[in-house]
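What follows is a short report on a single structure.
Below, read A as the first sequence line, B as the second, and so on, with proteins coming before strands; counting in each chain starts at 1.
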Amino acid sequence: MRIVCPFCGERELGEFTYLGDAKPQRPAADASEDAVYDYVYLRDNIAGVMSEHWYHGGGCRSWLKITRNTLTHEISTVEPAAGAGAAKVGA
Amino acid sequence: MAGVQANRLANGGLIDRLVSLNFRFDGKSFSGFQGDTLASALVANGVKLVGRSFKYHRPRGILTAGSEEPNALVELRSGARCEPNTKATTAELYEGLEAASQNRWPSLRHDLMAVNQLFAPIFVAGFYYKTFMWPAKFWEAIYEPAIRRAAGLGRAAGIADPDHYDKAWAHCDVLIAGSGPAGLAAALAAGRSGARVILCEEDFALGGRLLSDGGTIDGMPAAEWISRTLTELVALPDVRIMTRTTLFGVYDGGTYGALERVNDHLPSPPEHQVRQRLWRIVAKRCVVAAGAIERPIVFAGNDTPGVMMASAMRTYVARYAATPARRIALFTNNEDGWRTVETALGAGLQVAAVVDARPDVSPAHRSLASKGGFPVLNGSVSAVDGGKDGVSKISVSLTGGARAEVEADGLAVSGGWNPAVGLTSYHRGRPKWQDNIAAFVPDGAPPGMVAVGAANGAFTLGACLSQGFAAGAQAARDAGRSGKAGSVPVAADEAFSLTPLWHVAGKGKAFVDQQHDVTASDIELAQREGFESVEHLKRYTTLGMATDQGKTSNVAGLAIMAAVTGKSIPETGTTIYRPPYVPVAIGAFAGHHRDENFHATRLTPSHHWAAEQGAIFVDTGLWKRAQWYPRAGEKDWLESVTREVKAVRSGVGFCDVSTLGKIDVHGPDAGAFLDRVYINTFSNLAVGKARYGLMLREDGMVYDDGTTSRLAEEQYFLTTTTAKAGPVMQHLEFCRQVLFPELDVQLTSVSDQWAQFSIAGPKTRDLLREIVDPAEDLSNEGFPFMGAREVALRGGIKARLFRISFSGEMAFEISVPARHGDALVRNLMQAGAPFGVTPYGTEALSVMRIEKGHVAGPELSGTTTAADLGLGKMMSTKKDFVGRVMAGREALVAADRQVVVGIKPTDKASRLRSGAHVIPKSEIPGPGNDQGYVTSVCFSPTLDQWIGLGLVERGRERIGEIVHAHDPLRGEDYDVELCNPVFYDPDGGRQRG
Ligand SMILES: [Zn+2]
């Protein structure tokens, strides 16, 4: 399997680390314990198309948001995380 | 005997008769020629018996001429290079080859284990499950060893493999599996179109079935066409031909696995060369031209030596000029089998009879029979006479009920052909049934792959060429190549007709899977016992589970199951196909990653100097770290470590701590970022100061610790533990990029850029003044505890100096660019000589941190909270940080948690060991009263006794309590006292002095 990193191009799977479901959003500082619990522990495990976090640790060290079909391993989109690269968001 | 090849034809064959090769089989000497396989050389020498079968130890001969061979498995080579279960049919002959038959005792011809045949009833389908069920303890003690001895295949060498294996990547537009007519045509079309082509062929010669069956292509003999084609392919700039290379698997995203047997055809690899190379090939398109495998017909005695696949028999005759028999019979249900008769007659062999299951034999073949003077019998072979010396006679059940007998010393069998559907089915593809050839053909394929020719069910030469050429041209276009493919090679289409026949009923054992000794009646038994599903059938009978993966047996097995269940073959279905297509040695997957090269080794900047000092090294992750520095006369490690600790506590010592993870945190929001990832605050840290920090996982457990220094307004220098250097970097990047992208901060790993040493002990300043520029103020006022700043060294190099202490002594850590690390350590030794400077290793480091009650890896276990470690007060209540909310959960703040506490044996002479469990005094140990355990221990030279840290329930409230240490692993029980974890200088005066 190979992943097209937006910064490095098409690279081999071994350079990447898988984290998992990219959908949960870290709750705001004033969120309830329940909301944080859900964020920390509740993960989707979809048989099909899923948005996932991957880390290009063997390359540019960018976190990537990858849309992957867990049944076929087909990757449809690869996007850098909001803060990947040099510029901060909104700068 | 060597030199006499009684069954070698005088002429013909693709062998080099000028190069005679001597070899030994079961200790007997023989000779063959360059271009032979071990199997063809054995055939040429009249050797029919080559092995004993798995369960029944029946005599077996050579069945095929390729990698589908179930029987002719040998132990090739000897000593450390001995390879069990090597197929004689693919092992190339070389001078001095040594091979031994397997699975026989004491000899192949007189195998005492053949008595297993008398016990055949216990070896029926499911015998593992039935026979050895009770009593359970008999399994390990008696049954399994007995089965292994009696029924094992070859023996492994039992000695480390002396050869090297390699792994490599390759990339191409069009990958082609197989170099038969379809594969070569595909390569021509793709190569001419300008595509980057890789053609893999498992054989050492190119041509596939053309090498055995010949034919006419573009008006010339096949051999000439192959030769011209190769000349053209070699001249193309981007066509790479890899022989002795098997494409064994297809993986996600157009990545393919191939095994190149680089030097298997030599006694041992030439110096500096590898035996095998594992390729990962990334291809935009893949054309599978892997051919088809001829399938047997199952009848009684079909495993007798001398019974051979019809196509294999003509391969031995035509390609190797070796005759498996003098007087052959053919049993066929299709047109293609007759080619063997044509080849045999052409080579001057006698044909005893053709048994054809089809009612209609073509007029051409009838006239061939009358010219050749042999009968054509309409019917089936129902029995074979013969034994270890081979076939002597065959019995035929004629259509209509009469019987006939045919005297022959070889029987060629053709039940039709099965396309090699493995590669196309490895992504859970299920092949579909095609009636006209009575075989499974690919039904789609993984993305980018297409099957052509015989692998796609097209069995004629003309179809192979045209399909292969069209697919090659299309693949090149799909890969973006637009060159002209030129004209397609042309050949006629042979006649093809087949009447399916799988199993001939009769008396005696009729084998479906010859490698695993699975018979037709085993399949019938499995069905009677309810194992009808193909996946159950496979596991219950072990059909197709041997090293050949049932290449010659699976479809026949399905057909017999279909017949007894009254279903069709497609209704019965196939099992899941899984790679690898042929066995691949674990050594090839490991490549160079074995022994000391199993993983990379990281050396500290002072490593070479430490090695010169005779340091003992310890592996910590990838690092080699100096554990202690023994001196002459010291009797054990404890004596050395004790000396090192005393030297630091009374004078000065240093230790390489470069293995700590180091991260440069830079940007206007650097402080705000650190506030979010640490439980304590860093934005208010003054420039020129260091602070100890603790970070949590989002679930509230402690993740890592370390000191972070503020070098400038917008620049921090963060350190991690050695073990977590990589994971913390990944975690911080996640925080920065995903959680807090609005922060303007950048992270750079600088772990390898800095050599860092801890210098500790009351004479630290004396030593530092010798190496630091005299203009730098190192006094307690000029460089107070937890100060951090850049200083100049004597000679001008800039260093970073941190006044931090892990040992509890007056201490600094000094960082220099890594390339100066070796010079610095030598300088420290020289400049420190007057002060008795002592290098110390990780053991002394650990002793001093335990004496000071500092937590480390054993306490940062992933199950402890900041409060458990006694660091709860560091948790800021004024800001949000990773792990804050979850750390407040009820169970994480419960009063009865196990917390860090000091532990020392009540008997000062007693040793303390980590892992011992803490039990209330005078209670009988059990899971109900287990209150924690000892995490870290050391012998403290300062206290002159063993001390330790532990995680103990309510430990901090119980200081002074005597409890019991229970160590069932080592059988030790002793009383210990819970105490303040800071054993040494609890006020911290020494490190501030
Ligand atoms: Zn990248």
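Side-chain atoms of B:Lys662 come within 3.5 Å of backbone atoms of B:Ser751 as a donor-acceptor pair (strictly under, hydrogens ignored). Between the B:Ser876 side chain and the B:Ile679 main chain, no donor and acceptor come within less than 3.5 Å of each other. Formation of a donor-acceptor pair under 3.5 Å by the B:Asp704 side chain with backbone atoms of B:Thr721 is found in this model. Side-chain atoms of A:Trp63 come within 3.5 Å of backbone atoms of B:Gln730 as a donor-acceptor pair (strictly under, hydrogens ignored).
In this structure, the ring of B:His592 has its center no less than 6.0 angstrom from the ring center of B:Tyr165.
A distance of 6.0 Å separates CZ of B:Arg196 from CG of B:Asp173, quoted to the nearest 0.5 Å. Residue B:Gln715 holds its CD atom at 4.5 Å from CG of B:Asp664, rounded to the nearest 0.5 Å. A distance of 11.0 Å separates CE in A:Met50 from OG1 in A:Thr67, rounded to the nearest 0.5 Å.
With a threshold of 4.5 angstrom between heavy atoms, B:Tyr251 does not approach chain A through any atom at all. Both the backbone and the side chain of A:Arg61 come within contact range of chain B, with heavy atoms under 4.5 Å apart. For A:Ser62, the parts sitting under 4.5 Å from any heavy atom of chain B are the backbone and the side chain alike. With a 4.5 angstrom heavy-atom cutoff, B:Val282 touches chain A only via side-chain atoms. For B:Arg889, the parts sitting under 4.5 Å from any heavy atom of chain A are the backbone and the side chain alike. Within the 4.5 angstrom heavy-atom criterion, only side-chain atoms of B:Arg884, from C-beta onward, approach chain A. Heavy atoms of A:Val36 lying under 4.5 Å from chain B belong to its backbone as well as its side chain. If you measure heavy-atom distances from A:Leu19 to chain B, the contacts under 4.5 Å come from the side chain alone. In this structure, the portion of A:Tyr55 lying under 4.5 Å from any heavy atom of chain B is its side chain and not its backbone. Using a 4.5 Å cut-off between heavy atoms, B:Phe881 touches chain A through its backbone atoms (N, CA, C, O) alone.
Side-chain N/O atoms of A:His56 and A:Glu15 include a donor and acceptor closer than 3.5 Å. Between A:Arg68 and A:His73, the side chains place a donor N or O and an acceptor N or O closer than 3.5 Å (distance only, hydrogens not considered). Inspection of the B:Asp868 and B:Thr865 side chains reveals an N or O donor paired with an N or O acceptor under 3.5 Å.
With chain B as the partner, the residue from A:Gln25, A:Glu12, A:Glu74, A:Lys65 showing the most heavy-atom pairs under 4.5 Å is A:Glu12.
The interface of residues 252-260 of chain B with chain A, defined by heavy-atom distances below 4.5 Å, comprises B:Asp252, B:Thr255.
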